[in-house]
Every structure is written in C-alpha cells, then in structure tokens.
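Please read the structure below before turning to the comments.
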Amino acid sequence: MSTALKLGEPITRREDRRFLTGAGRYAANTAPVQASNVLFLRSPHAHARISGIDTGPALALPGVAAVFTAADLLADKVGHLPAISELKDEAGNRHREPLHLPMPAGKVRHVGDIVAMIVADTLEQARDAAEVLAVDYEVLPAVVTVAQALAPGAPLVHEDVPGNLMCRWGKGDRAATDSAFGRAAHVSTLSIRSPRQIVHYLETRAAWSSYDATDDLVTVTFSSQGVQIPHRLMCERVLDLPKEKLRLVTEDVGGGFGPKYPISAESTLIAWATRKLRRGLRWTCERAELSQADSHARDLVATAELALDAEGRFIGLRVKAEANYGAYVSMFAPTIPTTGLAKVISGLYRIPAIRVDFDCAFTNTVPVDAIRGAGKPEALFLLERLVDLAAHETGRSPVELRRINLLRADEMPYAAASGYTYDAADCTRLFETALATADEAGFAARRAASEAAGKYRGLGLSCHLHGTGGIADEHVVVNVEADRLVARVGTQSQGQGHETVFAQILSAALGVPVGRIEIRQGDTRSIPRGGGTGGSSSTIISGTTLKRAADVVIERGRDLAAERLETAPADIAYRDGAFEVVGTDRRIGLFELAAWKPFDGDAVFADRIDSFPTGVMVCEVEVDPETGETHVDRLLAVADCGTVVNHRLLAGQMHGGIVHGLGNALMEEALYDEESGQLLSGTLMDYALPRADDVPSLQVETIVTPSPNNMLGFKGVGELPTNGAPAAVANAVLDALRPFGVRHIDMPLTAAKVWTALQRRG
C-alpha cells in the first residue's frame with residue numbers, strides 16, 4: 001500500500017493485523033485494574049412493584065463502596081432515557097412514551113430491569129452484596145404478547161398508557177388500496193409471526209470510567225456504535241451536565257448490529273456514579289445478562305393480502321400488523337417495525353396501491369430496537385412468501401410471476417406507493433443475472449439427484465432491498481501533517497472496515513498511499529459532532545464528506561503552495577499527491593508542504609442519506625424427511641450497492657449479513673413463557689446461532705447502478721443481505737415441502753417444525 005489507490009481495489013483490511021495479533025483495544029480489555037467493579041442487580045420478575053429495598057446488609061460487607069437505587073436517581077433529578085425517533089397516529093398524536101429512568105422507580109416491567117447498582121472493590125464482593133440485598137417485590141400479572149397486552153382488561157405495563165397501546169400507526173392510500181382489491185382477479189393472503197431475536201455479538205457491552213478532579217471531568221470508555229448521540233442525550237436530557245464535563249470514548253468494537261447504538265442505562269449510570277463517587281468504575285455485561293439487558297428485535301405479527309389482476313400484475317397490497325415494543329420505548333424503536341417495514345414492503349415490484357396499519361403495544365418483555373435490518377427482514381419475508389404463494393395459486397411459477405412484476409431500470413427513480421422513492425436500480429438485470437449464475441435451469445436435475453438420495457430439494461428466491469438510515473450529523477476534519485493525513489469522522493466501525501474504506505476514499509481523492517492515512521473516530525473531545533453508525537450509511541455519510549474535505553485540502557493547499565512556490569494560486573495544479581506550477585517542473589509534495597506549514601481541510605455532510613441498495617438471492621436446500629433437518633446447499637447473492645470502494649470488504653459484509661439471515665430463518669428465537677414473562681432462551685444453551693457447518697460456500701456477485709443521492713454514487717450494504725436471506729431460505733424450504741401439501745411455516749424453520757409439518761401430509 002505504498003502507492004495511491006483507486007476506488008474498487010480489493011485490498012485487505014488494515015485493522016485486521018491488530019485484531020488477529022491480540023492488539024485490539026476493546027472496552028473490557030482496556031479497563032484499569034484499579035477501577036471499582038460494578039454489578040447491576042436485575043429483576044427476576046417480569047412485572048412487580050418494589051415495596052422496599054434494604055441496602056444496609058449489602059453496604060456492611062467488606063469492599064462494598066455503594067449501593068444505588070432509583071431513589072438516588074430521583075434525588076439527583078436524573079432524567080428519562082429518551083427516544084429520538086417518533087411516530088404519529090393519523091390524528092397527529094405522538095406515540096406514548098412513558099418515563100424510563102435508568103433504574104425504574106416503584107415498579108419493574110421486565111425480567112432484567114435494573115433494581116440496584118452495586119459498586120465494590122472486586123466483582124466477587126459485588127456478587128456477595130447482591131446475594132444479601134433485600135428487595136421486597138409484589139409480583140403482578142404480566143403481558144408477554146401483543147394479543148395479551150391489547151386484550152380488554154389486560155394488566156397495564158404503564159398506568160399512564162391506556163390499553164397498553166403505544167401508537168396506532170398507518171401509511172399509504174387506504175381508498176386506492178381498497179379500490180384495487182375491489183377489482184382484483186385474485187387475492188393471496190398470508191399471516192406470519194416473526195420471532196424475537198437477540199444479538200449475541202462476540203464482544204458483550206462493556207464500560208469503564210475515570211474521574212479527573214482537576215477539571216471535574218468524567219470520562220467513560222465503552223463499546224458503542226457512536227459516542228456523540230449518547231453524549232448529547234446524557235448531558236442534555238438525562239444527567240443535566242455541561243458537555244465539557246463528560247467525555248465519551250469508543251475504541252475497537254467487537255460487533256454492534258444495532259443494540260450498541262442507543263443510549264443505555266448501564267453506561268449512563270456509570271457516568272452518573274463516577275461523578276458521585278469521584279472514582280473510576282468498570283463493568284462488563286455477562287453473556288446471560290446480555291439476553292435480559294440488550295435490546296431485542298423482530299417481534300411482529302402480521303397479515304398481508306396481495307391483489308393481482310387477470311394477467312398476474314400486482315395491483316394492491318394491504319398489511320395489518322401488531323408490533324411488540326417491550327416494556328419501554330427504546331431510542332430508535334418507534335420507527336423500527338413500522339417505517340422499517342413500509343420502506344421495503346413494495347419490494348422490487350410495481351405495486352400501485354399499498355396500505356399498512358400497525359398496532360404498537362407495550363408488554364412485560366425486553367424493549368425492542370434496531371437489529372441488523374431494522375424491521376425489514378420480517379417485512380420482506382412476508383412479501384416474498386406471499387409472492388410465492390400467489391404464483392402457485394394463480395398457476396404460475398415464482399420466477400414467472402416475478403418477471404411480470406419487477407420494476408424496470410427506466411422506471412427509476414420509482415415513487416413507491418408506500419411513500420418512499422427508490423433511487424436507482426436495474427431489477428431485471430439483477431434477477432436474470434442471479435438466475436443464470438445460480439444455474440436455475442439445472443435445478444430439476446439436482447432435485448432428481450436429491451430425491452434419489454432420499455432428500456427433498458427446494459429452490460427459493462428473494463428479491464429484496466434496503467433503505468439506508470442513520471443520523472448524518474457529520475463534520476469531517478482532515479489534518480495534513482509532515483508525514484501523514486489524520487482524518488476524524490463521526491461514524492463508528494464495529495468490524496465493517498472503516499479504517500480501510502475511508503483511507504481508500506482519501507487515497508483516491510488525494511493521490512497519497514493508504515499507509516500514510518490515519519482514521520480516527522469515537523471521542524467526543526476531539527470529534528464533537530457525529531451520528532454514529534447505523535442504517536448501513538457510514539460510507540455514504542463519512543465517505544462523501546471525506547471526499548469534500550479532501551477537495552478543501554486541495555484548495556487550501558493550493559494557496560499555500562502558491563506562496564511557497566512564489567506564484568499565483570491560479571497557476572497551481574494538484575496531481576498525484578503534489579502541487580505543481582502548470583507548464584513547469586516546479587512542484588511540492590503534499591507532505592513536504594505540510595512540513596513547511598501544517599494545514600487541514602474540513603467539510604460537513606451535504607448529500608442525501610437515503611439510498612436503496614437492491615439484491616436477488618437464489619437458495620437451494622435439501623430437507624431430510626426422516627429428521628426434518630434443513631441443509632442449505634447453495635446460496636447465491638447478486639447485489640447492487642452502487643459504487644464499490646472495496647470489493648473484498650463488500651463480499652465480507654455480504655457473507656456476514658447472509659449468515660445473520662440464515663440464523664433468523666432457521667434457528668434463532670427468543671422465547672418467553674407467556675404466563676410468567678420469564679425468558680426461556682436466555683443463554684447459548686437455549687438460543688441457537690449459526691455455526692460453520694450450517695453455512696454453505698457463499699457466492700456473491702455485484703452489479704453497479706450508482707445512487708444519484710450522493711456525489712460518489714454510494715449505497716448501503718451491511719443490512720441488505722440480512723433482509724433477503726430469510727425469505728430466500730424459507731422459500732427454498734417451502735418449495736421442497738410444497739409437493740406434500742405444506743403451505744407455510746413461520747420462522748425459524750426448525751427441524752422440529754419441518755418434521756411435524758411433514759407428518760401431517762396427506
């Protein structure tokens with residue numbers, strides 16, 4: 001990497017060397033040993049009043065420095081953990097958002113709600129204190145499902161939320177949709193329940209803190225998807241602190257996927273308690289604790305109807321859904337199942353009329369929020385399963401029906417009836433490339449070979465997309481020093497390879513080697529502005545802003561070079577990492593100029609954050625009728641992610657997203673006891689994740705239609721494959737089972753479900 005790069009070159013990730021050699025700087029590993037240990041006592045009940053807490057016996061134990069409860073938060077006027085997205089019903093009323101203190105006052109609302117914060121010299125001493133901490137609970141009836149929560153007379157999760165209804169939300173033209181159904185030649189209907197998911201990232205959440213008495217400064221280092229939003233919310237909304245009195249830092253992160261994005265109770269409490277105790281603290285979430293503490297996702301019940309005319313054209317789509325929000329409104333939660341579904345429910349198809357209606361409810365379960373895909377995998381599962389069913393019900397093949405309804409390139413940008421505009425795509429090319437590359441024509445022979453071996457083979461398609469999101473509060477600064485460029489960005493890598501991708505963008509823009517570019521992130525002191533990373537948008541947000549900042553570097557450098565070379569700025573050109581006087585051999589390199597006088601370039605985000613990457617997956621599975629086990633044999637993904645910065649990293653993002661989707665499709669499910677509200681899948685003994693032998697060799701191909709919404713034509717990638725994989729896998733399994741009369745199975749399509757469905761045949 002001693003020469004400048006162009007966009008698209010597949011270099012290896014620069015950060016991998018330190019990760020693979022044990023030099024990564026993760027929060028739990030960098031915590032100072034002298035910091036006091038924190039343990040959070042969590043509610044064992046899904047719903048209970050706290051009649052009293054006797055902290056005396058715990059405080060009397062050796063090494064115990066403090067035991068904090070909600071009473072301490074109320075005394076210090078600690079505020080509510082807010083949502084920063086919102087929903088409004090059709091009358092314009094904002095979603096209901098009851099009080100959510102970092103430790104709830106008077107009542108716990110889910111298993112895992114924080115009851116007390118224990119600070120001790122050692123973790124063992126904190127655990128001893130938890131054993132003797134006397135909490136008097138009055139157990140109350142719990143509601144776990146939306147059906148339970150919305151039933152007449154149901155126990156209230158929050159006394160100030162009548163009927164447990166957080167919001168009743170709708171989108172789309174109801175009259176036009178009803179009219180389409182009135183003239184339909186055929187209507188296909190499907191009801192699904194999309195299971196809850198828990199993200200088990202390699203690195204659980206962790207935080208540690210320090211206190212500087214000289215400046216009265218608290219510094220919290222924690223595992224996050226961005227420090228600036230939590231910093232703003234902690235200072236302005238929760239702790240009422242001047243921003244210069246709190247510094248948040250994030251270094252390396254071992255996976256984020258959504259739950260490390262929101263402001264969290266634990267990191268907020270550590271910031272608060274550090275100032276109160278004037279000492280450093282440390283906390284690492286235990287693996288079983290993660291299941292009760294980190295946000296869940298995907299808990300959706302929905303029914304969809306697809307209207308077709310006599311020629312098989314889609315003319316209308318209706319969706320009625322119930323979303324389980326858990327016990328509180330998490331930071332991005334309002335728009336995750338709702339607009340998350342609406343953004344993609346039109347798929348890659350021409351559907352002129354769409355209506356979506358949601359009932360959003362509180363329950364006594366862990367709050368939900370964004371997890372990779374953020375409401376879209378379950379939406380596309382619903383749509384793509386419905387398309388397969390409609391094809392069979394109207395005497396067509398799934399391939400044929402999709403061909404009739406796919407959007408054409410000349411229809412872009414396409415204003416979907418769901419209210420979103422798809423920027424750029426060539427859906428027909430995606431589809432035909434996927435079918436040809438996957439050898440769809442040879443499937444019949446492979447199916448016959450499987451049948452000869454006693455297995456059922458199925459082929460499944462998924463035409464899918466993603467709508468990028470996130471928060472584009474970006475101000476990039478690129479400092480030019482004598483030996484390097486230092487770029488500060490407001491997004492946060494959690495394994496995506498930002499240090500490589502962003503350096504490539506600067507290398508291409510300025511003509512300098514990647515090895516002389518340093519990317520910095522995750523520090524509110526040196527990078528006060530930023531929106532963090534979420535919604536598959538970091539390359540759009542930071543990448544385009546880096547290019548603009550590079551252009552400013554050239555403009556400012558031209559003035560300095562003119563001064564140094566004693567000529568007019570208009571006579572200076574920039575080429576291959578150097579400024580030169582046009583028509584002469586007089587030149588000065590970028591770094592040589594900075595050695596004379598360091599300078600910088602900066603820019604703010606000036607494009608549109610939204611893009612709609614698209615994809616088609618073709619999956620083949622074999623089902624063992626004796627056991628119901630599904631083996632994913634072949635999986636091809638063709639993706640259009642706009643301009644590609646690094647093909648190697650794009651393939652890695654696709655692989656990771658596909659595997660996440662495979663888990664969603666085949667095995668992952670957070671289960672609650674519907675009477676007690678106890679989480680039944682709270683450990684990795686009870687919650688299945690994909691292993692290496694569950695994953696086939698994955699084939700990834702790309703086509704490029706640049707987005708017109710940003711200057712470099714970027715689209716998102718990280719969540720696109722997670723959106724598409726569940727539907728492709730499910731359609732393949734149901735294709736294998738269709739000859740035996742099996743119409744549908746909800747995710748996860750476990751061996752037990754498949755075996756049971758086969759026993760009912762005939």
Side-chain angles (χ1 to χ4, degrees), residues 81 83-85 194-206 222-230 233 250 253-267 285 290-300 323-326 328-341 343-344 365-380 466-471 491-496 498 522 530-538 541 609 653 656-661 663-664 668-670 687 689 716-723 725-726:
L81 298 174
I84 62 173
S85 68
S194 185
R196 276 193 173 224
Q197 276 192 284
I198 302 171
V199 169
H200 281 280
Y201 14 58
L202 284 175
E203 180 207 22
T204 60
R205 286 189 300 120
F222 67 127
S223 183
S224 82
Q225 291 177 226
V227 293
Q228 289 85 3
I229 296 173
L233 295 177
T250 290
V253 181
F257 308 112
K260 289 182 182 175
Y261 206 168
I263 183 174
S264 73
E266 294 87 357
S267 56
C285 187
L290 175 158
S291 298
Q292 300 177 359
D294 293 13
S295 53
H296 294 180
R298 312 265 202 263
D299 197 334
L300 182 77
N324 188 337
Y325 277 75
Y328 305 101
V329 184
S330 187
M331 193 169 88
F332 295 111
T335 55
I336 298 304
T338 49
T339 61
L341 179 144
K343 272 187 176 182
V344 299
T365 61
V366 174
V368 302
D369 208 312
I371 283 179
R372 198 173 195 171
K376 301 168 189 71
E378 55 269 43
L380 288 159
H466 181 66
T468 56
I471 297 175
T491 51
Q492 178 68 50
S493 178
Q494 313 118 54
Q496 297 96 329
H498 289 183
T533 287
S536 301
S537 60
S538 288
I541 294 170
I609 192 172
Q653 286 284 286
I658 289 168
V659 173
H660 201 143
N664 200 164
E668 295 188 49
E669 183 172 19
Y687 188 93
L689 293 170
V717 57
E719 292 165 283
L720 175 68
T722 306
N723 293 351

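All values below come from the heavy atoms of this structure, side chains included, with hydrogens, waters and symmetry mates left out.
- The distance from the OG1 atom of Thr365 to the CG atom of Asn324 is 4.0 Å, given to the nearest 0.5 Å.
- Residues Ile541 and Ile609 form a side-chain contact, since some pair of their non-hydrogen atoms from C-beta on lies under 4.5 Å apart.
- Residue Asp299 holds its CG atom at 9.5 Å from CD of Glu378, rounded to the nearest 0.5 Å.
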I'd like to know whether Glu668 forms a side chain to side chain contact (heavy atoms under 4.5 Å, CB included) with Leu689, so could you lay out the CA-CA distance, the side-chain angles of the two residues, the decisive distance to 0.1 Å, and finally the verdict. CA-CA 6 Å; Glu668 295 188 49; Leu689 293 170; 3.6 Å; yes

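- Between the Ser295 side chain and the Ala370 main chain, no donor and acceptor come within less than 3.5 Å of each other.
- Paired with Asn723 under the rule side chain to side chain donor-acceptor pair (under 3.5 Å), one option of His660, His466, Arg372 passes, and it is His466.
- A donor-acceptor pair under 3.5 Å links the side-chain atoms of Arg196 to the main chain of Val366, judged by distance alone.
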Apply side chain to side chain contact (heavy atoms under 4.5 Å, CB included) to the pair Val368 and Ile336, showing each step before the final yes or no. CA-CA 9 Å; Val368 302; Ile336 298 304; over 6 Å; no

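- When atom types are taken as modelled, the side chain of Gln228 and the backbone of Gly531 share no donor-acceptor pair closer than 3.5 angstrom.
- Going from atom OG1 of Thr338 over to atom CG of Leu300 covers 10.0 Å, rounded to the nearest 0.5 Å.
- Put simply, the side chain of Ser330 never gets that close to the backbone of Ala333: no donor and acceptor are under 3.5 Å apart.
- The heavy-atom pair separating Ser224 from Gly226 by the smallest distance is OG-N, 3.0 Å.
- A distance of 11.0 Å separates CD1 in Ile263 from CZ in Phe332, rounded to the nearest 0.5 Å.
- Formation of a donor-acceptor pair under 3.5 Å by the Thr250 side chain with backbone atoms of Val227 is not found in this model.
- Between Val717 and Pro721, the shortest heavy-atom contact is O-CD, 3.1 Å.
- In this structure a side-chain-to-backbone donor-acceptor pair under 3.5 Å is present from Ser537 to Gly469.
- Put simply, the side chain of Glu719 gets close to the backbone of Ser536: a donor and an acceptor are under 3.5 Å apart.
- Residues Leu341 and Ala379 come closest through the heavy atom pair CG-CB, 3.6 Å.
- With hydrogens and angles ignored, the 3.5 Å screen pairs a side-chain donor or acceptor of Gln225 with a backbone N or O of Lys260.
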Stepwise side chain to side chain contact (heavy atoms under 4.5 Å, CB included) test for Glu203 and Val253: CA-CA 7 Å; Glu203 180 207 22; Val253 181; 3.8 Å; yes

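- Here the closest heavy-atom approach between residue Val199 and residue Leu290 is recorded as O-CD2, 3.4 Å.
- Residues Tyr261 and Ile471 come closest through the heavy atom pair OH-N, 3.9 Å.
- In this structure, Asn664 contributes its side chain and Thr722 its backbone to no donor-acceptor pair below 3.5 Å.
- Under the rule for a ring-ring contact (aromatic ring centres under 6.0 Å, His included), the partners of Tyr687 that lie at least two apart in sequence or sit in another chain are His200.
- In this structure, the side chains of His498 and Thr491 come closer than 4.5 Å at one or more pairs of heavy atoms.
- Minimum heavy-atom separation, Cys285 to Thr204: O-OG1, 2.8 Å.
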Is there a side chain to side chain contact (heavy atoms under 4.5 Å, CB included) between Asp294 and Tyr201 once you walk through the steps? CA-CA 11 Å; Asp294 293 13; Tyr201 14 58; 2.4 Å; yes

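- Under the rule for a side-chain contact (heavy atoms from CB on, under 4.5 Å), the partners of Pro334 that lie at least two apart in sequence or sit in another chain are Ala83, Ser85, Leu87, His95, Met166, Val329.
- Checked against side-chain hydrogen bond (donor to acceptor under 3.5 Å, both in side chains), Glu266 has the following partners two or more places apart in sequence or in another chain: Arg42, Arg205.
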